[in-house]
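Here it is, the structure in full.
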Amino acid sequence: MKKMKKWYLALLTFALAFSLAACSSADSGGSGEADGVQELTIKISHVVAENTPKHQGALAMKEYIEKESDGKIKVQVYPNSQLFGDKDEYQNLVANNVQFIIPDMSKLVGNDPGFNIPAMPFLFKDDEAANAFWDGEKGQEIFKRLEKDGVLGLSMWPNGAKHITNEKKAIKTPDDLKGLKIRTQGGQLLEAIYGDLGAGSTSIPFAELYTALQQGTVDGQENTYSNIESKKFDEVQKYMTIMGHTRVDYALLTNTKFWDELNDETRKIIEKGVEEGTTVARDSAMDLNDDALKTLKDRGQVEIHELSESEIDAFKKKLEPVYKEWAEKIGADIIKDAESKNE
Ligand code: LMR
């Protein structure tokens, strides 16, 4: 009888250990198989709407990975901060509660000052220059600095140049910003820019921005056309100035806990899925922004002013000191490399 009890206990312990192992591998994605494509469910979380390059890229990743894995890998895409928002997506990535996030780099400036690059005034002339920087040695170096958190930067996805909207007045000169309160994505560089322009600034999560604009918590904000249009900020803003002074660029991030549990076959499919997503996001960013600008014009709810070359020069001049100061903070060699991508 005693023998029987021991045997039964051993079996029970084994069964418990086995089911715990199965649970933890299902949580983090891995099935523990040495060969063959692992059965996984992957979550991709982001904060913007569907009609944006970020969501289109995420859908392309989903399509490729599910197809190439014969459905063994399931990919769930959560837009509009449905799963996690700006404030908690990074920590949930680190905890492997989500396997991919795609934050605006301005939200990573607390992790490393290099992520201020998209906020450097008038630094990149277009998406291609920004892509080339982040694909290059210096950009990859900045991504690598997240590894201390157990986070891997796999790719950069562009959205595009930002433009200012506000409720108070048409902005044509740096002085027009005096006294306005502007929402930013966060970080000291964006704060310094608005400080130099005589405006106040505060960072508000993207999911709360429409209400903040509607209620007058802030007078304005800066964003890409596709973000402005898809979130209907023109319903709650009277003016938009086309200026392209800063950018929204994204970092596609995963965590090492998830990544290291993948076998070679599975990782290859996911890596290729990332490439597919990158191609779609990069190819669609400019078109989606062009379409969004057309839609904003058609809706006719914001008065649009496009800065002339000389008006842009006035902003460049005004923001020169902040550019110089932050070039040093980020690293002169990094900024030189970034500038060289415009050539
Ligand atoms: C914002 O918060 O305005 C943007 O960074 C949102 C996004 O992810 O494009």
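Side-chain atoms are counted along with the backbone in the values below, which use heavy atoms only and exclude waters and symmetry mates. Just follow the structure's listing: the first ligand is 1, and inside any ligand the first atom is 1. Computed from a predicted structure; not experimentally measured.
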Item to check | Heavy atom of K54, distance to ligand 1 below 4.0 Å | outcome: yes
Next on the checklist: Measuring centre to centre across the rings, with the benzene-like ring taken for any Trp, is Y225 within less than 6.0 Å of H163?
Outcome noted: yes
Checklist entry - Is ligand 1 less than 4.0 angstrom away from at least one heavy atom of R183? => result yes
Checklist entry - Given the rule in the salt bridge (charged side-chain N to carboxylate O under 4.0 Å, His left out) test, do R299 and E235 qualify, once you have shown the distances and angles that lead to the verdict? => result CA-CA 9 Å; R299 290 208 290 247; E235 286 178 353; over 6 Å; no
Checklist entry - Who gets closest to atom 1 (C) of ligand 1 by heavy atom: F206, Y250, F233? => result F206
Checklist entry - Using a distance-only test with no angle check, is there a side-chain donor-acceptor pair under 3.5 angstrom linking N96 and Q99? => result yes
Checklist entry - Can a donor-acceptor pair be found between the side chains of D127 and N159 at a distance below 3.5 Å? => result no
Next on the checklist: Closer than 4.0 Å to some heavy atom of K107 - which atoms of ligand 1 meet that?
Outcome noted: 1 (C), 2 (O), 4 (C), 5 (O), 6 (C)
Checklist entry - Is any side-chain heavy atom of M61 closer than 4.5 Å to a side-chain heavy atom of F100? => result yes
Next on the checklist: Please classify the N227 to ligand 1 contact at 4.0 Å (heavy-atom distances, strictly less than): side chain, backbone, both or neither.
Outcome noted: side chain
Item to check | side-chain hydrogen bond (donor to acceptor under 3.5 Å, both in side chains), paired with S226, selected from N289, D287, T52 | outcome: N289
Item to check | Q185 N/O under 3.5 Å from ligand 1 N/O | outcome: yes
Checklist outcome for this item: Candidates L209, T184, V48, N223; heavy atom nearest atom 3 (O) of ligand 1 found on N223
Next on the checklist: I'd like to know whether ligand 1 has Q221 as a neighbour, heavy-atom separation below 4.0 Å.
Outcome noted: no
Checklist outcome for this item: Here the atoms of ligand 1 under 4.0 Å from any heavy atom belonging to D104 are 4 (C), 5 (O)
Checklist entry - Taking the six-membered ring of F122, is the NZ or CZ of K316 close enough (under 6.0 Å from the centre) and on axis enough (within 45°)? => result yes
